[in-house]
Number of protein chains: 2
Amino acid sequence: MAKAAGVSVATVSRALRGVDRVSPRTRDRVLAAATELHYVASPAATSLVSGRTRGVGVITPYFNRWFFATVVTGIEKVLREEGFHVLLCDLEGSTFDTRLPITQTMLWKRADGVIILNVPPRPAERSLLDRLGMPVVTVGNRQPGWPSVRIDDRAAMGVATRHAIELGHRDIGYAGTVPASITHLQTPFDRRAAFTTVMSEHGLVCPPEWTLECDWTAAGAAEHASRMFALPRIPTCIVAASDEIAFGVMSAARRHGLRVPQDVSVIGIDDHVHAEIFDLTTVRQDVEAQGRRAGRIMLEALHGRAADTVVDDVLDVELVVRGSTGPPRMVPADAPGATGATSAADALGATSAARQAPKPALQATS
Amino acid sequence: MAKAAGVSVATVSRALRGVDRVSPRTRDRVLAAATELHYVASPAATSLVSGRTRGVGVITPYFNRWFFATVVTGIEKVLREEGFHVLLCDLEGSTFDTRLPITQTMLWKRADGVIILNVPPRPAERSLLDRLGMPVVTVGNRQPGWPSVRIDDRAAMGVATRHAIELGHRDIGYAGTVPASITHLQTPFDRRAAFTTVMSEHGLVCPPEWTLECDWTAAGAAEHASRMFALPRIPTCIVAASDEIAFGVMSAARRHGLRVPQDVSVIGIDDHVHAEIFDLTTVRQDVEAQGRRAGRIMLEALHGRAADTVVDDVLDVELVVRGSTGPPRMVPADAPGATGATSAADALGATSAARQAPKPALQATS
DNA sequence: TTGAAAGCGATACCAT
DNA sequence: ATGGTATCGCTTTCAA
């Protein structure tokens, strides 16, 4: 031990942490010895007596995806600055049954707190977390009693949908409903709900055949979009629930000989790192900032400076208009105007976007 | 504690771990009590006596990026199966000076082993790791004395370059040399070296103005590619050091009105999750498998079953031909044939790809 | 098969 | 300002 530096364990402990009354001379001597011997206090021992681990669990549905990896980046940076470590828990592939044990063994005495990304806890998990009594912060969705950092998914989708409508689109498709296996996620639900709401506020309805279910991956979206683009009637604009979905839709459109945005407009949400190079119009959110804020809220809680009210930190979003959206090729019959030029779509038979909104509940509420 | 279950701490300890001689009846009783009380042994105390933490540090240059996030996913899955946890350490933004302390405090008594992705350790780090005496596995590049999992970067780039040459391209550009700040990474160096080698084996040279330096992001690549596409002479094919770079190049090409692959072919390496939807020809590597294998090697070492020789696990790669590569629009003068159709490039003045390789060191070695 | 007791490496209280 | 020591929760001889 560093007691080879001439003093007692107690003094070493005090000196090393810079606290308490220790004479400068002694402190320097201890520090020197510590450096010399590459000494670092054992976290296990410290943890045993203090009860704290300086670790924070981060639970993510898929670490693999840009959004989550970016949030984690933000979290990690902030926590590391204060000497905290990130314990990663990727739920991908976990089933309903394996989830609880996972978080249980992971958190118990290993982490001082947990940050949960997007996935709502099941009741058993909720009670586990309550029982452990450790601070919890959620990112991406709100949970009663826990501080959260997020964007307003409904507002974001409202911006996207309104952009489409304001460009003159009436035949609007939606990409991003989810398969039953992930219906527990809030974001897909909220975005879809906002889309439907805004549409109907403008007297518009998106028919089922233009509503694409997918797993929120680009490949999945491309597959479903491809089927839709083979229909006799296709929308003039597709609102995608995320940029990755939008990428898939754009890709499918191109394979069907459709030009973006002349034949079909596409808009996403996120401002994914690749959105700019693919010229995708989107609603930007600052993902890493969400991670950083979640990390800071966690640090506050860990330092006992918990806010007196439950934080709900809602970050702004911003419409970023790029080249993937434009006015519809053909103007709806109820608002006559120029007709679009003949497009590759025509040549391929994927033509004749409808001239009016399908079953408009109400004409031109806007 | 669980001694409320009627036995002594020692028995509890034995029963819970299923080891040693414990009567089935006693064991069941202890297990029942443990479940009842939600009891889980404190890792800190266990760690204090056993010296092991059941944690593995994972060090990445950026885990924001698809490649790294995917490797981590693979690692995490394998480790979790055996009850090990992943401690993340993201080096992004770390400077030459802050790196050592980071790994030092992170690893010391917190992790039983370390997996290092792509970044070669500095001498001080190497000696730190040696001193700690913990198992190390590297992914993406080989380090003397440590087991590694990787692909053969030179071979992979050889496949890509040869594909371009076999399609008939002679005017080939390269995207993916790196700025001075990251010259320590091996992969960019190896891929570049292989490109140059294969080129010269075929009597070809890539001039500096067709050699794009970038930070290995799509956006960075797009910016540099854009400059190149504004030159009076451009290559008929661009070999990109990674798929993300290729995405940037494709994007820049499109913005210059160039069609892919008619006006310019693009090939990458990785088979990025988005490669298929963007129809990118690439050299596939199984990234998650590399993570899984690294995880398994680590587990072996942790279980004391270290291989007798230092493992160097080189995974196969595979050429995946998609739509982003095709024969050159104009056939080289030394191999006359059809001329390409007039393209958008002509209309934009970004025309006249050269009719023969620039300064060929040797004609037609192939 | 089970229990008692000695650490593991720090912290914190109590003396000095 | 510094040194002793009980303590944290578990594993591990050693006895019984």
Can you check the [X] [atom1] to [N] [atom2] distance for me, whole Å?
{"X": "Leu48(A)", "N": "dC8(C)", "atom1": "CG", "atom2": "C1'", "value": "9 Å"}
{"X": "Leu16(B)", "N": "dT12(D)", "atom1": "CG", "atom2": "C1'", "value": "16 Å"}
{"X": "Arg17(A)", "N": "dG9(C)", "atom1": "CZ", "atom2": "P", "value": "18 Å"}
{"X": "Arg54(A)", "N": "dT11(C)", "atom1": "CZ", "atom2": "P", "value": "12 Å"}
{"X": "Lys109(B)", "N": "dG9(C)", "atom1": "NZ", "atom2": "P", "value": "7 Å"}
{"X": "Leu37(A)", "N": "dG9(C)", "atom1": "CG", "atom2": "C1'", "value": "15 Å"}

Distance below 4.0 Å between [X] side-chain N/O and [N] OP1 or OP2:
{"X": "Thr11(A)", "N": "dG3(D)", "result": "yes"}
{"X": "Ser23(A)", "N": "dT2(D)", "result": "yes"}
{"X": "Thr26(A)", "N": "dA1(D)", "result": "no"}
{"X": "Arg29(B)", "N": "dT2(C)", "result": "no"}
{"X": "Ser8(B)", "N": "dT2(C)", "result": "no"}

Whether the Ser148(B) and Arg142(B) side chains hold a donor-acceptor pair (N or O, under 3.5 Å, no angle test) is what I'd like checked.
yes
Are Ser8(B) and Thr11(B) linked by a side-chain donor-acceptor pair shorter than 3.5 Å?
yes
Tyr39(B), nearest nucleotide to its side chain (from dG3(C), dG9(D), dT11(C)):
dG9(D)
What's the closest nucleotide to the Ser42(B) side chain, out of dG9(D), dT12(D), dT11(C)?
dG9(D)
Within the structure shown, what part of the strands sits under 4.0 Å from [X] by heavy-atom distance: base, sugar-phosphate, or nothing?
{"X": "Ala41(A)", "answer": "sugar-phosphate"}
{"X": "Ser50(A)", "answer": "nothing"}
{"X": "Arg14(B)", "answer": "base"}
{"X": "Ser47(B)", "answer": "nothing"}

Nearest nucleotide by nearest heavy atom, which residue falls closer to the 5' end of DNA chain C, Arg21(B) or Ala45(B)?
Arg21(B)
If each of Val49(B) and Ser13(A) is mapped to the nucleotide of DNA chain C with the nearest heavy atom, which maps nearer the 5' terminus, i.e. the 5' end?
Val49(B)
Ring centroids only, cut at 6.0 angstrom: are Phe67(A) and Tyr62(A) within range, meaning strictly under it?
no
What I'd like to find out is whether the side chain of Pro61(A) reaches to under 4.5 Å of the side chain of Ile182(A), using heavy atoms alone.
no
Here's a test for you: under side chain to side chain contact (heavy atoms under 4.5 Å, CB included), which of Arg296(A), Met298(A), His303(A) qualifies with Glu82(A)?
His303(A)
